[in-house]
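Start at 1 and go down the list; that is how both ligands and their atoms are numbered. Computed over heavy atoms, backbone and side chain alike; hydrogens, waters and symmetry mates excluded.
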Amino acid sequence: MLNLKDISVQYQGSNHAALSSVNLAFEKGDFVCVLGKSGAGKSTLIRTINGLQPLSQGEVTWQGNPLSSKTEEEARKVRREMGMIFQHFNLIPRLSVMQNVLTGMFGYRSTFKNLIGWFTAEEIQRAKDVIAEVGLSDFADRRVEHLSGGQKQRVGIARALVQNPKVLLGDEPVASLDPGTSNHIFTLIKQMHEQHNLLTIINVHDVSLAKKFADRIIALRDGVIIFDGKSSDFTETEYQETYGSENYEHL
Ligand code: ADP
Ligand code: MG
């Protein structure tokens with residue numbers, strides 16, 4: 001479904017590669033967590049997948065076709081098939097839950113309709129449906145700035161789902177939440193993954209969450225994949241290789 005072929009990324013002015021010769025294949029239904037220390041290349045990998053990262057080498061193919069061969073319009077269509085959730089939610093604080101979720105549909109609409117903020121009855125119903133799915137029906141009209149961190153991330157998930165994606169990507173979506181809330185949010189992500197039949201790829205710094213929820217773990221160190229396998233096979237040895245020798249009591 002989604003393939004990364006020999007991808008390298010080197011940022012301008014940097015003397016080392018953020019990603020080096022990365023080869024990965026993902027299928028619909030995979031629930032994958034990406035682990036690695038800060039600076040390992042996790043965010044760069046996520047941006048590579050949704051086509052926003054300029055590549056120094058290699059190619060991303062989506063359903064058999066290279067992204068690089070697509071026009072800007074076609075690339076936009078691919079991107080709207082990929083919903084994204086973020087560490088800091090990236091919501092508009094002064095707007096309501098409903099208004100924030102509706103912005104998730106912008107990729108499907110004309111610039112003019114987006115500018116005037118006009119939505120059809122079907123679009124509003126679709127937004128209501130996903131708001132209900134994430135458990136926020138009673139908060140639809142509340143301004144996002146008045147919500148808790150966990151509720152904000154539920155809005156982030158609803159905004160990603162409203163565009164009816166095939167892929168759900170997360171760049172450390174629980175890094176700003178307390179452990180209990182992180183667990184609830186991961187549970188919700190897994191539920192949405194199953195109900196919407198998605199490919200889900202989530203960066204996470206918490207190994208125990210990855211082992212609990214993911215079927216597959218990918219570990220990066222200095223831009224290189226050092227582990228790609230079943231999460232049950234990610235043990236102390238792999239932990240130490242990923243993070244160094246300290247702190248393996250996490251497992
Ligand atoms: P992670 O998300 O795992 O912390 P990143 O993908 O953000 O890692 O970064 C990987 C490497 O690329 C790091 O060495 C980081 O400093 C570097 N890097 C990331 N973004 C940029 C950028 N915009 N310009 C230059 N270097 C960058
Ligand atoms: Mg990052």
Which atoms from ligand 1 have a heavy atom of [X] less than 4.0 Å away?
X   : result
S43 : 1 (P), 2 (O), 6 (O), 7 (O)
K37 : 3 (O)
S38 : 4 (O)
A18 : 10 (C), 11 (C), 12 (O)
H16 : 14 (O)

- Using distance alone, with no hydrogens and no angle criterion, decide if Q87 and H205 have a side-chain donor and acceptor under 3.5 Å apart. no

Exercise. Judged by modelled atom types alone, do E59 and S68 share a side-chain donor-acceptor pair under 3.5 Å?
Worked result: yes

Note: E73-R76 ion pair, threshold 4.0 Å (strictly below) | yes

message = Could you check whether E238 pairs with R221 (Lys NZ or Arg NE/NH1/NH2 to Asp/Glu carboxylate O, under 4.0 Å)?
response = no

Self-check item: Side-chain donor/acceptor of N100 to backbone N/O of I92, under 3.5 Å
Solution: yes

- Item | K42 backbone acceptor or donor facing N203 side chain under 3.5 Å | yes

Check: Does an N or O anywhere in Q12 fall below 3.5 Å from an N or O of ligand 1?
Finding: no

- Query: Any N/O of A40 closer than 3.5 Å to an N/O of ligand 1?
  - Reply: yes

Discussion item. Any non-hydrogen side-chain atom of K166 less than 4.5 Å from a side-chain atom of W62?
Written reply: yes

Atom 25 (C) of ligand 1 protein-contacted, heavy-atom criterion under 4.0 angstrom: yes

Protein non-hydrogen atoms only, distance under 4.0 Å: does atom 12 (O) of ligand 1 have such a neighbour?
yes

**Report entry** Residue T44, metal the Mg ion (ligand 2), N/O/S under 2.8 Å
**Finding:** no

message: For the NZ atom on K5, are there more than 12 heavy atoms of other groups (residues, nucleotides or ligands in this structure) within a distance under 6.0 Å?
response: no

Heavy-atom nearest neighbour in the protein, as seen from [atom], with distance rounded to 0.1 Å:
atom                    : result
atom 27 (C) of ligand 1 : Y11 CD1, 3.2 Å
atom 6 (O) of ligand 1  : T44 OG1, 2.5 Å
atom 8 (O) of ligand 1  : G41 N, 3.1 Å

Only residue of T103, V97, I131 satisfying side-chain contact (heavy atoms from CB on, under 4.5 Å) with R159 is T103

Candidates H205, K42, R47, E172; heavy atom nearest atom 3 (O) of ligand 1 found on K42

**Q.** Contact check, G39 vs ligand 1, heavy-atom distance below 4.0 Å
**A.** yes

